[in-house]
Amino acid sequence: MDMKRVMRDYFLDLDQAAKDPDRKVAWCTSVGPAEILRAMGFEVFFPENHGAMLGATRVCMETIPKANAFGYSPDICSYLTSDIGAYLKGITPLTKAYGIESIPRPDILVYNTNQCKDVMHWFEYFAREFDAPIFGIHPPTNVPEVEESHIADVVSQFEELIKVLEKMQGRAMKPEDLRRTCALSKEATDLWAEVLETAMARPSPLSFFDSTIYMGPIVVLRGTEVARDYYRVLLTDLKIRVAARVAAVPGESKRIYWDGMPVWGRLRSMSELFKSNQACVVASTYCNSWIFTDFNPDDPLPSMAYAYIKIFINRNDQYKEDYIRKLVDEYEIDGVIFHDAKTCPNNSNSQYNLPSRLRKDGIPAVIINGDLCDLRCYSDEQSSTVIEAFVETL
Ligand code: SF4
């Protein structure tokens, strides 16, 4: 199944939905309860995905300064500033990619602060701008363990959200619809986990840079048959590549773990840099963020509450350290690269001594400075030098 077609169909349908008075569009954060929205008949748009598109196309370099001038600091999430700046300028990469004039107007905005609080500020701006209702899920954050009381708290917030959605749609939630979207989401996310695990093979059939592209449907189409079917085909294809020993990085000799956000505007050049050094980035915190194997269609709300609280970004230091160590073992990693993204401290794990703790136990680790979108915070030369020197020492 063609990835480009999957994403094109998704965006074109969303555009149609926004123009159709009989259909409703919800905006949702990337690790928000998209399953609930889909079960209630909403089409779902993910502003972070739009931010990543602005980053990958480097259009953000025109739009971030616009948001900065408008009063959004250059130090906060550059998805937010890219996206608000694009809105202020009246542009979107969707126009060039799919001929879509503008982002879909929201009927409701739903955020979840399980990842950070920037999403709240971001969605609040657009709620004011579109005069649309907004609903925030505020789970317990930075938890060592997910406790029953945490789950009960988030379930009751989900129930409040459902009441709001029911009022908007003028009908009650059908339990079978929620079970179905939860089941589809679980199937897709389990397949996504298997896709990423093919990188345990030597040589790996895919790298982090491939996965940042393959991950589109698990972010924007969770809870649909399209996402599930896409990952079924992709997994079959990757298994064939593993059997045939097709390498993502020909001559793979070093295996790297990437922690933190991608540098969206430099995916291609970074991929080439690693390739030319026979190093393959085989695992990452980022791509694993959309693995929700705890979803259970027979117990949808509690299992979704658990899975969405449990995510890596919402955990304490010890959990994060143990998680990375586990992946270092499983993927036979030679070294860990930490991307310290200037505008996303939430997803940068190098600032609280974690690289030093790994090094102490003989796991090589290095830090590069950069950003997810704002290339003013990133130096090609500096990063290449650090990465090449690091790979050399492994
Ligand atoms: S986690 Fe980071 S990149 Fe994602 S929305 Fe929050 S600040 Fe932005």
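Values reported hereafter were calculated over all heavy atoms of this structure, with side chains retained and with hydrogens, waters and symmetry mates removed. Note that ligands are numbered from 1 as they come in the structure, with each ligand's atoms numbered from 1 the same way. Since the structure is predicted, the reported quantities are computational estimates derived from the model, not experimental observations. Numbers for residues simply follow the sequence, beginning at 1.
- The Tyr79 neighbourhood of ligand 1 comprises atoms 3 (S), with distances under 4.0 Å to a heavy atom of that residue.
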| message | Before you tell me yes or no, could you show the steps for Glu252 and Arg245 under salt bridge (charged side-chain N to carboxylate O under 4.0 Å, His left out), namely the whole-Å CA-CA distance, both residues' side-chain angles and the distance that decides it to 0.1 Å? | response | CA-CA 11 Å; Glu252 174 194 300; Arg245 296 183 56 78; over 6 Å; no
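- Taking 4.0 Å as the cut-off between side-chain N and carboxylate O, Lys24 and Glu43 do not count as a salt-bridged pair.
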| said: If you apply the rule salt bridge (charged side-chain N to carboxylate O under 4.0 Å, His left out), what do you find for Asp329 with Arg325, and how did you get there? | reply: CA-CA 6 Å; Asp329 279 349; Arg325 283 177 187 279; over 6 Å; no
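- The shortest contact between atom 5 (S) of ligand 1 and any protein heavy atom is with Gln115 NE2, 3.5 Å.
- Only the side chain of Val119 comes within 4.0 Å of ligand 1, judged by heavy-atom distances.
- Below 30°, between 30° and 60°, or above 60°: for Trp122 and Tyr79 the angle between ring planes is between 30° and 60°, a tilted geometry.
- One finds no salt bridge joining Lys326 and Asp322 here, because no Lys/Arg side-chain nitrogen approaches an Asp/Glu carboxylate oxygen to under 4.0 Å.
- Taking the six-membered ring for Trp and thresholds of 30 and 60 degrees, Trp290 and Tyr286 have ring planes more than 60 degrees apart, a perpendicular arrangement.
- Atom 8 (Fe) of ligand 1 has Cys77 SG, 2.3 Å as its closest protein atom, hydrogens excluded (heavy atom only).
- The residue Asn347 has no part lying near ligand 1, judged by heavy-atom distances below 4.0 Å.
- Proximity to Met261 (heavy-atom distance under 4.0 Å) selects the following atoms of ligand 1: 3 (S).
- Nearest to atom 6 (Fe) of ligand 1 among the protein's heavy atoms is Cys116 SG, 2.3 Å.
- The protein atom (non-hydrogen) at minimum distance from atom 2 (Fe) of ligand 1 is Cys344 SG, 2.3 Å.
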